Amino acid sequence: MLPPPITVLAWMPDADQPPLTVSRMLTAWTFDPVMVIPVLVAAGLYLWGVRMLRRRGDTWPPSRTAYWFFGLVLVFVATSSALGVYDRTLFVVPAIQHMLLQMIAPVGLAMGAPITLAMRTFPVGWRRVVLAVVHSGPVRFIGRPGVAFALFAITQFAFYYSPLYEASLRNVWLHDFSHVHFVLVGFLFYWALLGVDPVPHRPPFFFKFMLVLALAPMHILLGIPIMLMNEVLAEGYYLEVARTWGPTLIDDQEVGGGVLWGFGDVAAAALISAFVVQWYRSDERDARRTDRALDRQYGSGPTMPPWWLEPEEAERPPPPREA
């Protein structure tokens, strides 16, 4: 039996959408130029930069390229796959989109170090422009990890607990803008937090780790109230859609709230683990750096006696070496 053909769907009234089945999840696609073109441009520019470095004989870590394209692929899947087709039909679908666009994809984009790549490939004049932007007053302000976290958190609550959510369902441009906004806010937070690229502020590691810990309760406060609501968000819009298949409006919203809660906790747990590893590696680097500094100052031999030796044993000269 041949597999079902891939259906490319343009933007259509969601009342006309067929039921979301497993087959539709795999074969329904939509290509919104506002989302697809920036992804293609970002992919092309990044590959061009890596190629320029290789032509000069310089190296670029393959892991950074993999991270960058991991983030771009997630943005594409979140907006062009069945998630993009049904994101105005079911509440749970934009909830999944939101988590992919703001919580997961920006991690890869930030780890891809695009600003570092630009600084290594742009002409001198453009490098100065990039540095001027990074260290400008507005970027220095929103680039503070605490401010970036506040924007990251507040915009989520403002989106769901205000008329913005229903407005984004009714207006195509606002709908696309919300997707772009989630990616940019997520990138800003992880860019300031991870510090892979040049950033205007590098606060203590402990402070950044506490911000990561705060992600879990933030998503609890975001998702659980939506799960427990008796009224439906954007109810007027969903009643106009008049969907005749799938879960009820309140059940759909309950599942979507669970996604906002659980997905956020899983992502926060992964980030916490990554930060613990980064912290451990940072301690190792500091220890090696200290060892090298002591070796340069005192030589490669022992610089002080071990603490467990008695004072008289520590002062005793070592036996002569055999010829």
Side-chain angles (χ1 to χ4, degrees), residues 1-40 43 69-105 108 159-160 165-183 186 223 226-227 229 232-264 266-267:
M1 183 177 179
L2 295 176
I6 294 178
T7 308
V8 179
L9 297 178
W11 194 281
M12 63 169 62
D14 290 304
D16 298 334
Q17 296 287 15
L20 180 57
T21 62
V22 174
S23 175
R24 294 285 297 165
M25 289 180 185
L26 300 175
T27 61
W29 292 85
T30 180
F31 299 103
D32 183 2
V34 176
M35 300 305 303
V36 174
I37 292 177
V39 168
L40 294 178
F69 279 90
F70 170 76
L72 291 181
V73 167
L74 282 185
V75 173
F76 176 76
V77 170
T79 56
S80 298
S81 68
L83 296 174
V85 176
Y86 287 88
D87 60 357
R88 297 198 309 160
T89 307
L90 294 163
F91 179 84
V92 66
V93 174
I96 296 173
Q97 271 186 328
H98 177 190
M99 291 294 97
L100 291 176
L101 293 175
Q102 186 169 351
M103 286 294 298
I104 307 300
F159 181 72
Y160 288 105
Y165 176 66
E166 183 168 359
S168 71
L169 297 174
R170 296 183 179 276
N171 186 284
V172 175
W173 293 105
L174 187 57
H175 189 76
D176 287 336
F177 176 78
S178 67
H179 291 163
V180 175
H181 169 79
F182 286 143
V183 175
I226 293 178
M227 292 177 60
M229 280 183 181
V232 176
L233 297 175
E235 183 175 15
Y237 169 81
Y238 285 118
L239 289 176
E240 291 176 16
V241 171
R243 174 172 51 83
T244 58
W245 49 267
T248 64
L249 295 181
I250 197 69
D251 289 343
D252 175 37
Q253 183 170 290
E254 182 177 350
V255 176
V259 167
L260 295 174
W261 169 27
F263 211 118
V266 170

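Just so you know, these numbers come straight off a predicted model, no measurement behind them. Along the sequence shown, the residues carry numbers beginning at 1.
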Worksheet item: How about F159 and F182: are their ring centres within less than 6.0 Å of each other?
Response: yes

Item to complete: Kindly compute the distance separating CD (E235) from CE (M229), expressed to the nearest 0.5 Å.
Response: 12.0 Å

Fill in: Closest contact, heavy atoms only, D252 versus P247
CB-CG, 3.9 Å

Fill in: Any side-chain heavy-atom pair of L249 and L239 under 4.5 Å
yes

Worksheet entry | Whether H175 and H179 hold their rings parallel, tilted or perpendicular, with breakpoints at 30° and 60° | perpendicular

Practice prompt. Answer yes or no: is there a side-chain heavy-atom contact under 4.5 Å between P19 and Y86?
Written response: no

Worksheet item: Does the gap between the ring centers of Y165 and F91 come in under 6.0 Å?
Response: yes

Fill in: Rounded distance (nearest 0.5 Å) linking atom CZ of F76 with atom CG of D32
11.5 Å

Fill in: Where V241 and R88 come nearest, the two heavy atoms and their spacing
CG2-O, 4.3 Å

Worksheet item: Any donor-acceptor pair under 3.5 Å linking the side chain of D87 with the backbone of T79?
Response: no

Worksheet entry | Minimum-distance pair of heavy atoms, taken over all atoms of H98 and L260 | ND1-CD2, 3.9 Å

Fill in: Closest heavy-atom pair and its distance - Q97, L83
NE2-O, 3.4 Å

Discussion item. Is there a side-chain contact between L20 and M25 in this structure, where contact means two heavy atoms from C-beta onward sitting under 4.5 Å apart?
Written reply: yes

Response to the item:
Here the gap from W261 atom CH2 to I226 atom CD1, rounded to the nearest 0.5 Å, amounts to 13.0 Å

Practice prompt. Output the distance between atom CZ (R243) and atom OG1 (T89), rounded to the nearest 0.5 Å.
Written response: 8.0 Å

Practice prompt. Measure the OG1-CE distance between T30 and M35 for me, rounded to the nearest 0.5 Å.
Written response: 11.5 Å

Practice prompt. Hey, could you give me the OG1/CD distance between T248 and E254, rounded to the nearest 0.5 Å?
Written response: 8.5 Å

Discussion item. Please enumerate all residues that pass side-chain contact (heavy atoms from CB on, under 4.5 Å) together with L174, with sequence neighbours excluded.
Written reply: A167, S168, N171, F177

Item to complete: Write down the atom of A82, the atom of R24, and the distance for their closest heavy-atom approach.
Response: CB-O, 3.8 Å

Fill in: Residue pair W29 / V85: nearest heavy atoms and the distance that separates them
C-CG2, 3.7 Å

Item to complete: Please name all residues satisfying side-chain hydrogen bond (donor to acceptor under 3.5 Å, both in side chains) with T244, sequence neighbours left out, ordered by chain then number.
Response: none

